[in-house]
Q: 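My structure is below; once you've seen it, I'll send some questions.
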Amino acid sequence: GLTARRAAGDRWGESVDRAGDLLVGGAPGNGGYAAIYEQLGDGSYVIRTMLSPPSDLSDPQARFGQAVAIDASTVIVGAPWPEAGDEDRGGVVVYQRDSVTAWIETARLDDDLTPSNGRFGESLDIHDDLIVVGIPADNPAGDGSGSAQIFRYSPTSDIWVLEHDLLGFDVRASDRFGDDVAVGPYGVAVGALYYDTPYSDDAGVAFTYRQMPWDDDNWQHDIRMIRP
């Protein structure tokens, strides 16, 4: 059977996610990989497949597996660091389940408009036909202010389409909006790790967004911020 790769510095488990009886884990060290496990009826886990980075994301700098997410029969893996030089950017790879053990690459998400060190794919999540990607080192409001993007799957064209750019209200340089993201049936959440609050500088907040019922492409702040 298939044997998981085990080596010092792999950093296996740096990212994990689960959907039903399937678990995906990322190992961004040593060139990076992700592995998909299935839980059997007796409670044990068996490895079903190993996901290796595409050739342009195989450079150790890319950190393929830094972020992973799974929903039903779709897995996404982030490689947020520049692949092989200042002109390259991070990316997100989309895999679709083809059989019990086979997962095939079906799409690549990236953004040529973000800076090469924007860390596109540092965080990500998927729910149904939506993917949200964090870009915490983007610079729309100063270096490291951060951003996030929402992609939606189009069944007619069989591609993932950029639907909306998310920018945090009052986010400033070094706030790292997009350091973590989540998406579910009721909306999207985006963390800003070093956002200043009335209680303390760099305390951090989470922004939430919901889709407007009159416009599928329109996402607006649901609550300005959630903080401890």
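Any value given below was found using the heavy atoms of this structure, including those in side chains, with hydrogens, waters and symmetry copies removed.
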Q: Can you list the residues that meet the side chain to side chain contact (heavy atoms under 4.5 Å, CB included) rule with Asp10, with sequence neighbours excluded?
A: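 With sequence neighbours excluded, Asp10 shows a side chain to side chain contact (heavy atoms under 4.5 Å, CB included) to Arg5, Ala7, Ala27, Asn30, Tyr33, given in chain and number order.
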
Q: Contact between Asp202 and Asp196 at the side-chain level, heavy atoms closer than 4.5 Å - yes or no?
A: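 Yes, their side chains come closer than 4.5 Å.
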
Q: For the CD atom of Gln149 and the CG atom of Asp138, what is their distance to the nearest 0.5 Å?
A: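 It comes to 8.0 Å.
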
Q: Considering non-hydrogen atoms only, spot the tightest contact between Ser145 and Val171 and give its length.
A: O-CG1, 3.2 Å

Q: Is the shortest heavy-atom distance from the side chain of Pro54 to the side chain of Val93 under 4.5 Å?
A: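 SC-SC contact between Pro54 and Val93 confirmed.
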
Q: Might you work through the side chain to side chain contact (heavy atoms under 4.5 Å, CB included) test for Asp128 and Asp71, ending with a clear yes or no?
A: CA-CA 7 Å; Asp128 289 341; Asp71 184 71; 3.9 Å; yes

Q: May I ask you to test the Arg48-Arg97 pair for a side-chain heavy-atom distance under 4.5 Å?
A: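 Of all side-chain heavy-atom pairs linking Arg97 with Arg48, none is under 4.5 Å.
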
Q: To the nearest 0.5 angstrom, please state how far the OH atom of Tyr194 sits from the CZ atom of Arg176.
A: 6.5 Å

Q: Of the options Arg11, Glu14, Arg119, which is the one that meets Gln66 in a side-chain hydrogen bond (donor to acceptor under 3.5 Å, both in side chains)?
A: Glu14

Q: Mind checking whether Trp160 and Arg108 have side chains closer than 4.5 Å, heavy atoms only?
A: no

Q: Show the nearest heavy-atom pair for residues Leu166 and Val188, with the distance to one decimal.
A: CD1-CG1, 3.9 Å

Q: CD1 of Ile104 to OH of Tyr95: how many Å apart, nearest 0.5 Å?
A: 11.5 Å

Q: Relative to the ring of Phe177, is the ring of Phe207 parallel (under 30°), tilted (30 to 60°) or perpendicular (over 60°)?
A: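 If you compare the ring of Phe207 with that of Phe177, the planes turn out perpendicular.
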
Q: What is the distance from atom CG of Leu109 to atom CG of Leu124, rounded to the nearest 0.5 Å?
A: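 Leu109 atom CG to Leu124 atom CG measures 9.0 Å (nearest 0.5 Å).
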
Q: Is Ile131 close to Val94 at the side-chain level, that is, under 4.5 Å between some pair of heavy atoms?
A: yes

Q: Show, in sequence, the C-alpha distance, side-chain angles and deciding distance for Ser147 and Leu167, and conclude whether the side chain to side chain contact (heavy atoms under 4.5 Å, CB included) test is met.
A: CA-CA 5 Å; Ser147 67; Leu167 305 174; 3.7 Å; yes

Q: Could you tell me which non-hydrogen atom of Asp110 sits nearest to which non-hydrogen atom of Gly90, and how far apart they are?
A: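 What the structure gives for the nearest pair is CB-O, 4.0 Å.
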
Q: For residues Tyr37 and Val24, determine if any side-chain heavy atom of one lies less than 4.5 Å from a side-chain heavy atom of the other.
A: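 No, too far: nothing below the 4.5 Å cut-off.
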
Q: Give me the atom names and distance for the closest heavy-atom approach of Gly146 to Pro140.
A: O-CG, 3.5 Å

Q: To the closest 0.5 Å, what do you measure between CH2 (Trp103) and OG1 (Thr74)?
A: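 Taking CH2 in Trp103 and OG1 in Thr74, the distance rounds to 7.0 Å.
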
Q: Does CG belonging to Asp129 count more than 12 external heavy atoms closer than 6.0 Å?
A: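 Above 12, so yes.
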
Q: How close do Gly31 and Pro53 get, heavy atom to heavy atom, and via which atoms?
A: O-CG, 3.5 Å

